[in-house]
Amino acid sequence: MRIWALGIGFCLALGSATNVAFAQTSDLLQGETAVVSSVLDGETLALRNGREVRLLGIKAPVPPPGWEGPEPWPFAVQAMQALAALLEGATVELRFDARKEDRTGHVLAQVSVDRHGEPAWVEKALVVKGLVRVAALPDLGTCLGLLLAVEANTREAWREARSF
């Protein structure tokens, strides 16, 4: 029980720093606001205006190739549920890097959502929870340094919590 509490405490501490880190993403192009209609997977949102947004800088779990198990792949489901709990029906702010779309037409953006009057950086929140990993696209790395630092701190905190 004590190990679990330490890990949760660390995650809450990191999560409270979310607002500061998103403010530091000022190198991103100012974007737009949009309303999320649904979450398609652990890293993709459908907006009310019909567009789909891929969260930039992260990669959510996917089932292994050929997965035909009786149940959905649990890690993919956890990431999707966490994202849905955070964003379904919410108004979000999209910020863009050098490229705004991928080759399939998905909007590529860093996303924040207003939580109790403060912006919460969605990608960072998922990394802190250990539900996604940081993943780079070749020409879109504005926020990678911040996300990699969060990922390293999260891994270290879990290692320390498990060493008791």
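- One distance of note links CG of L94 with OG of S112; it measures 8.5 Å at 0.5 Å rounding.
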Evaluation steps, side chain to side chain donor-acceptor pair (under 3.5 Å), between E123 and W121: CA-CA 6 Å; E123 287 87 345; W121 185 12; 3.2 Å; yes
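- Without hydrogens or angle criteria, D114 side chain to P119 main chain gives no donor-acceptor distance under 3.5 Å.
- Linking Ile, Leu, Val, Met, Phe, Trp and Tyr residues whenever their side-chain heavy atoms come within less than 4.5 Å leaves V134 and L140 in two separate clusters.
- Separation of atoms SG (C143) and CZ (R95) is listed at 9.0 Å; rounding is to 0.5 Å.
- Taken from CG in L47 to CD in E32, the straight-line distance is 8.0 Å, to the nearest 0.5 Å.
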Identify each donor-acceptor pair in which a side-chain atom of residues 65-86 lies under 3.5 Å from a protein atom, sequence neighbours left out, and give them as a table.
residue, atom, partner, partner atom, Å
W67, NE1, E71, O, 3.2

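- Note that CZ of R155 and CZ of R133 are 9.0 Å apart. Values are rounded to the nearest 0.5 Å.
- Evaluated for a side chain to side chain contact (heavy atoms under 4.5 Å, CB included) with V35, the options T91, L87, V92 yield exactly one hit, T91.
- Residues V107 and L137 are members of separate hydrophobic clusters, defined by side-chain heavy-atom contacts under 4.5 angstrom among Ile, Leu, Val, Met, Phe, Trp and Tyr.
- Listed by chain and number, the residues in a side chain to side chain contact (heavy atoms under 4.5 Å, CB included) with E101 amount to none (sequence neighbours excluded).
- Heavy atoms only, all atoms of each residue included: L144 and A136 are closest at CD1-CB, 3.2 Å.
- Shown here for P61 and L131, the closest heavy-atom pair between the two residues is CD-O, 3.1 Å.
- No single ILVMFWY cluster, assembled from side-chain heavy atoms under 4.5 Å apart, contains both L108 and V39.
- By the criterion of side-chain heavy atoms lying less than 4.5 angstrom apart, applied directly or through intervening Ile, Leu, Val, Met, Phe, Trp or Tyr residues, V36 is grouped together with I58 in one hydrophobic cluster.
- Here the side chains of R99 and D139 are in contact, with some heavy-atom distance below 4.5 Å.
- Going from atom CG of L126 over to atom CD of E151 covers 12.0 Å, rounded to the nearest 0.5 Å.
- Counting all heavy atoms, side chain and backbone alike, G57 lies closest to L147 at O-CD1, 3.8 Å.
- Side-chain contact between L40 and L45: absent, with no pair of heavy atoms (C-beta onward) separated by less than 4.5 Å.
- Looking only at side-chain heavy atoms (C-beta outward), V113 and V122 come within less than 4.5 Å of each other.
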Take R54 and T44 through the test side chain to side chain donor-acceptor pair (under 3.5 Å) and record every step on the way to the result. CA-CA 5 Å; R54 180 83 33 132; T44 311; 3.2 Å; yes
Quick one: do E160 and R162 satisfy salt bridge (charged side-chain N to carboxylate O under 4.0 Å, His left out)? Show the steps, please. CA-CA 5 Å; E160 287 177 11; R162 291 184 178 143; over 6 Å; no
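- Note that CZ of R51 and OG of S37 are 11.5 Å apart. Values are rounded to the nearest 0.5 Å.
- We find that E43 and K59 are joined by a salt bridge, their nearest charged nitrogen and carboxylate oxygen being less than 4.0 Å apart.
- Proximity of a side-chain donor or acceptor of Q110 to a complementary backbone N or O of L56 within less than 3.5 Å is detected.
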